[in-house]
Amino acid sequence: MNDPEITRRDQIAAGLAEVERRIAAACEAAGRARDEITLIAVTKTYPASDVGVLAALGVRDVGENRDQEAAAKVADCSGLPLRWHFVGQLQTNKARSVVGYADMVHSVDRARLATALDREALAAGRRLTCLVQVALDDDPARGGVPAAGLPALAAAIEEAEGLVLGGLMAVAPLGADPSRAFARLEELSRSLRERYPHATAVSAGMSGDLAEAIAHGATHVRVGTALLGRRKAFVR
Ligand SMILES: *Cc1c(COP(=O)(O)O)cnc(C)c1O
């Protein structure tokens, strides 16, 4: 992509068209409607100018995984009609900052974090939608609460005045069949909804496995690389 005639806008537009084509094909194959799926553009490591391009192309949901970077980008993008999703591992001391801009936190993986987010949401006079991030394998690097801890964490979020239990999020294990992992997530979501019918969100699927996620009931896909290009090494 060294051709100066190819602008960044053209690159991103091409990435978005291809991602939309893949989402449409996956919906078609699964017998689902496109509007059941929210595409979240994960913009970590990319500049606010790229977020502006995405917004101009019609993207409305943006995801970030580090508070410091996200807070700066949100400030640079004020005025754009965007919803911000926090998708990364989160320290409790960042809860106040994240509550200041996030519409949805996908990565609630422990009760202490839920408590901190609740406190800050109440202080800010708002209710924050939280997803429980569940671990689909034993790799702590992928994050999430083990499935055995899901009921207690979901109950803690449901009971918190400042939080809304939105559903579940997961990252497929590295080097394993994503379909199996997402089938497991679908099952966990089904039993969660028996207890909490409103907790319908299933945040699953990234650039490499969005079709498998949609086949297994994903309502939110989180896509970075396929929209914006490969991130530099060593940056998640
Ligand atoms: C970076 C990231 C994504 C996007 O991954 P891609 O493979 O670049 O599409 C999705 N979810 C989370 C939690 C991430 O950190």
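Positions are given from 1, in the same order as the sequence printed here. Both counts, for ligands and for their atoms, begin at 1 and track the order of listing.
- Distances below 4.0 Å separate heavy atoms of T225 from the following atoms of ligand 1: 6 (P), 7 (O), 8 (O), 9 (O).
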Donor-acceptor contacts, no H, no angles, side chain residues 216-226, under 3.5 Å, sequence neighbours left out:
| unit_1 | atom_1 | unit_2 | atom_2 | d |
| --- | --- | --- | --- | --- |
| H216 | ND1 | E186 | OE1 | 3.0 |
| T219 | OG1 | V202 | N | 2.8 |
| T219 | OG1 | V202 | O | 3.3 |
| R222 | NH1 | A170 | O | 3.4 |
| R222 | NH1 | S203 | O | 3.0 |
| R222 | NH1 | S203 | OG | 2.9 |
| R222 | NH2 | A170 | O | 3.2 |

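- With a 4.0 Å heavy-atom cut-off, ligand 1 is reached by the side chain of K44 but not by its N, CA, C or O.
- A salt bridge is absent between E69 and K44: the closest approach of a Lys/Arg side-chain nitrogen to an acidic carboxylate oxygen does not fall below 4.0 angstrom.
- More than 12 heavy atoms of other residues, nucleotides or ligands lie within 6.0 Å of CD in E20, so this atom counts as buried by the packing criterion.
- In this structure, a donor-acceptor pair under 3.5 Å is present between the side chains of D67 and S97.
- Put simply, no part of H106 is less than 4.0 Å from ligand 1, judged by heavy atoms.
- Checked by atom type, the side-chain pair S189/R193 shows a donor-acceptor distance below 3.5 Å.
- Near V223, with a cut-off below 4.0 Å to any heavy atom, the atoms of ligand 1 are 9 (O).
- Of all the atoms in ligand 1, the ones that sit under 4.0 Å from a non-hydrogen atom of R222 are 4 (C), 9 (O), 10 (C), 11 (N), 12 (C), 13 (C).
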